[in-house]
Amino acid sequence: MDVYSTLTRSKEDFVTINKNRVNLFVCGPTVYDDAHIGHGRTYISFDTIKRYLEYSGYAVFYIQNITDIDDKIINRSKESGIPAHELARKFEKRYIEDMNKLNVNGVNLFARATDHVDEILDQIQRLIDKGFAYETEDGVYFEIEKFPEFGKLSNRNIEELESHRDLADTTKKNPQDFALWKKRVDVDEPTWPSPWGDGRPGWHIEDTAITEYYFGPQYDAHGGGLDLIFPHHEAEITQMEAVSGKAPMVKFWLHTGFLNVNGEKMSKSLNNFITIRELLKDYAPATFRFFVLSTHYRSPIDFSKDSLHQSEKSLDRIRKYYELLDVEVGEEFHSDYEILDKWSKEFFDSMDDDFNTPKAIAAIFGLINDSKSDLDNLSDDDKIAIKAFLDDAAHIFGVSFELQDVNAGSDDLLDLISEVRSELRSNKQYDLSDKIRDSLQSLGYEIND
RNA sequence: GGCAAGUUUACCGAGUGGCUAGGUGUGUGGCUGCAGACCAUAAUACGGGGGUUCAAGUCCCUCACUUGCCUCCA
């Protein structure tokens, strides 16, 4: 299996630290508002990656942090009058609900920043002891001059960055030094005691404190959105490798591309901000998942009604084919159906190639196109084999290929109506039968004569 | 300005130097009372310009354009 790492800007053989174990960390959300479809894109991608790793025989431990204390939460708390702690819990709960609806359920542990303050304090102390960090009157900072490798993930160097920063009103030695601890005294916001006075953690330190605690100083893969490469992930590498003296902290850095809306960046000012909750009022979760997976996870993806519609139709086509496989998948079956072998190999080869889901989807259609015409001539075992393959693919993608029977329960009534319509048609009373058809269609029913 | 990713047929979107990606949409034919669904079938491509090669969408150079990051951001 080949996986692309941002650190080397190339695909590399996926070699893990400990045999078939994979320790995976993905940056979670800051819980000050509802999750949007960009979050959805990123977390669906990593959910699928985890699913595929597990399918391939890896035991994956997937941790996601929850940033439940930071400026945005505090600001929102002051605006709304809801205590910061309460606000964070509320949106954390809504976030997890949203993810469950999208069938994103692979995270083994959600780790809150505020539940790991002890580990954070401990890591800061060790950074000070080793001479990488210093205290000023308003906080504790990492001194990047002490870590010459700063910039290796994002291809930047300290000199060039300095010229773009303003040193005014900061107590830092160097403008690029970043906060490990922010001292906060006499303010109406949550603080924690520390050896340097009351305050709260800087943004970057929570992730390395959490990963060191659960994984140790080195682990297999770290993911997040493209926008986190600098400065967030750069700072993580700096902190962790400085404190442990071991490198690399992470071998595989995985970054998801952005989701745009109608070609524009999603932002509140453009009024094109779509939350997952809003999305799911109009579209099925599987449609959105399939839409996300029809683009490679590192590429930008453009969200539009039209694209969602295309995904819906594509998924429908797979489902209609799946329905033609009128067999039950049992324990044992034997098949050497060549067309299936060819396309399933293509499917898994594609997934092995940096999780190339669009190509894997194409392999499913390849199978459909090549096998559809001789489906009637296939043995039950061959059909079972096809169905088992599609079940695996569906599981990896986190969708279902079962036809969605949204009208279950009203079957008798529908049967009656369509019977009446058939009778009208056989009597050539098309005015009335077409009226029934139109009405049923406007109610969302499909007519397949 | 620095760094990064892109520019493929109407749209989305794969492409490891030589063999039809795939989907959606469209055309044509079939089935239909008609439309849809369904079945069959067809067409359109590689941003511009150089170069390497027997052969380039695929490698190299160059130009143009797009997007993102460089402050918080999935």
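Below, chains carry the letters A, B, ... as their sequence lines are ordered, and counting in each starts from 1. Nothing here was measured: the structure is a model prediction, and the numbers come from that model.
At whole-Å resolution of the value, CG in Asp207(A) and P in C72(B) are 14 Å apart. Distance CZ (Phe291(A)) to C1' (G13(B)): 11 Å, rounded to an integer number of Å. Regarding Leu153(A), its CG atom lies at a distance of 21 Å from the P atom of G2(B), rounded to whole Å. At whole-Å resolution of the value, CZ in Phe290(A) and C1' in G23(B) are 8 Å apart. Computed from coordinates, the Ile361(A) CD1 to G13(B) C1' distance equals 10 Å when rounded to whole Å. For Tyr297(A) and G13(B), the OH to P distance is 17 Å, given to the nearest whole Å. For the pair Asn260(A) CG and G68(B) C1', the interatomic distance rounds to 9 Å; values are reported in whole Å. Between the CD atom of Glu234(A) and the P atom of A4(B) there is a distance of 13 Å, given to the nearest Å.
Below the 3.5 angstrom threshold, one finds no donor paired with an acceptor across the side chain of Arg9(A) and the base of C3(B).
Closest to the Tyr43(A) side chain, of the nucleotides A5(B), A37(B), A74(B), is A74(B). Counting only heavy atoms from C-beta on, Asp227(A) has its side chain closest to A74(B) among A74(B), A21(B), C38(B). Taking every side-chain heavy atom of Phe230(A) into account, C70(B) is the closest of A14(B), C70(B), G68(B). In this structure, the nucleotide among A74(B), C11(B), C38(B) sitting nearest to the side chain of Lys320(A) is C38(B). The side chain of Pro231(A) approaches C72(B) more closely than any other nucleotide in the set C72(B), C39(B), A37(B). In the set A74(B), G33(B), C69(B), A74(B) carries the atom at the smallest distance from any side-chain atom of His39(A). Closest to the side chain of Phe258(A), out of A35(B), C69(B), C12(B), is C69(B). Side-chain proximity of Thr295(A) to the nucleotides G13(B), A74(B), C39(B) is greatest for G13(B). With A14(B), G23(B), A74(B) as the candidates, the nucleotide lying closest to the side chain of Phe365(A) is G23(B). Distance from the side chain of Arg156(A) is smallest for C70(B) among the nucleotides C39(B), C34(B), C70(B).
Atom CG of Asn427(A) has more than 12 heavy atoms from other residues, nucleotides or ligands within 6.0 Å.
A gap of 12 Å separates the C1' atoms of C54(B) and G17(B), to the nearest Å. Distance check on atom P: G6(B) versus C61(B) gives 15 Å, rounded to whole Å. Nucleotides U8(B) and A14(B), compared at atom P, are 11 Å apart to the nearest Å. Comparing the C1' positions of C60(B) and U66(B) gives a spacing of 23 Å, expressed to the nearest Å. Comparing the same atom, P, in G50(B) and in A55(B) gives a spacing of 16 Å after rounding to whole Å. Across U20(B) and A43(B), the matching C1' atoms stand 13 Å from one another, rounded to whole Å. Going from the C1' atom of U44(B) to that of C11(B) covers 13 Å, rounded to whole Å. Between U9(B) and A21(B), the distance separating the two C1' atoms is 13 Å to the nearest Å.
When the side-chain nitrogen and oxygen atoms of Ser299(A) are compared with OP1 and OP2 of A14(B), one or more of them lie within a distance under 4.0 Å. The shortest distance between the side-chain N/O atoms of Asn356(A) and the OP1/OP2 oxygens of U16(B) is not below 4.0 Å. OP1 or OP2 of C69(B) has at least one side-chain nitrogen or oxygen of Lys265(A) nearer than 4.0 Å. Residue Arg298(A) places none of its side-chain N or O atoms closer than 4.0 Å to OP1 or OP2 of A5(B). A sub-4.0 Å separation between OP1 or OP2 of G33(B) and a side-chain N or O of Arg425(A) is absent. OP1 or OP2 of G23(B) lies within a sub-4.0 Å distance of a side-chain N or O belonging to Asn369(A).
When each of Gln310(A) and Asp306(A) is assigned the nucleotide of RNA chain B with its nearest heavy atom, Asp306(A) is the one assigned upstream, toward the 5' end. RNA chain B is contacted by both Leu226(A) and Leu259(A); Leu226(A) maps to the nucleotide lying nearer its 5′ end (nearest heavy atom per residue).
With respect to Cys27(A), the side chain to side chain contact (heavy atoms under 4.5 Å, CB included) criterion is satisfied by exactly one of Thr42(A), Leu228(A), Thr67(A): Leu228(A). Among the candidates Arg94(A), Lys101(A), Lys93(A), the single residue satisfying the salt bridge (Lys or Arg N to Asp or Glu O under 4.0 Å) test with Glu97(A) is Lys93(A). When each of Thr114(A), Val31(A), Ile210(A), Asp115(A) is tested with Ile66(A) by the rule side chain to side chain contact (heavy atoms under 4.5 Å, CB included), just one qualifies, namely Val31(A).
Applying the Watson-Crick and G-U wobble criteria (two distances, each under 3.5 Å), G25(B) pairs with nothing in any strand. Base pairing annotation: A37(B) forms no Watson-Crick or G-U wobble pair, as no partner gives both donor-acceptor distances under 3.5 Å. Nucleotide A4(B) forms a pair with U67(B), judged by Watson-Crick or G-U wobble geometry with both contacts under 3.5 Å. Remark: U16(B) base-pairs with no nucleotide; criterion is Watson-Crick or G-U wobble with both hydrogen-bond distances under 3.5 Å. Under the Watson-Crick or G-U wobble criterion, with both distances below 3.5 Å, U44(B) has no partner in any strand shown.
Across all strands, Arg41(A) comes closer than 4.0 Å to no nucleic acid atom at all (heavy-atom distances). Residue contacts for Gly366(A): at a heavy-atom cut-off of 4.0 Å it reaches no nucleic acid atom on any strand shown. Contact annotation for His36(A): base contact, defined as any heavy-atom pair under 4.0 Å involving a base atom. Across all strands shown, Lys313(A) has heavy atoms under 4.0 Å from sugar-phosphate atoms exclusively, and none from any base.
Ring pair Tyr55(A)/His395(A): centre-to-centre distance not below 6.0 Å.
Judged by a 6.0 Å distance limit and a 45° cone about the ring axis, Lys387(A) is positioned over the six-membered ring of Tyr322(A). For Arg317(A) and Phe365(A), the positive end is not near the middle of the six-membered ring at less than 6.0 Å and at most 45° from its axis. A cation-pi arrangement, defined by a distance under 6.0 Å to the six-membered ring centre and an angle within 45 degrees of its axis, is present between Lys173(A) and Tyr134(A).
In terms of heavy atoms, Ala363(A) sits closest to Glu346(A) at CB-CG, 3.6 Å.
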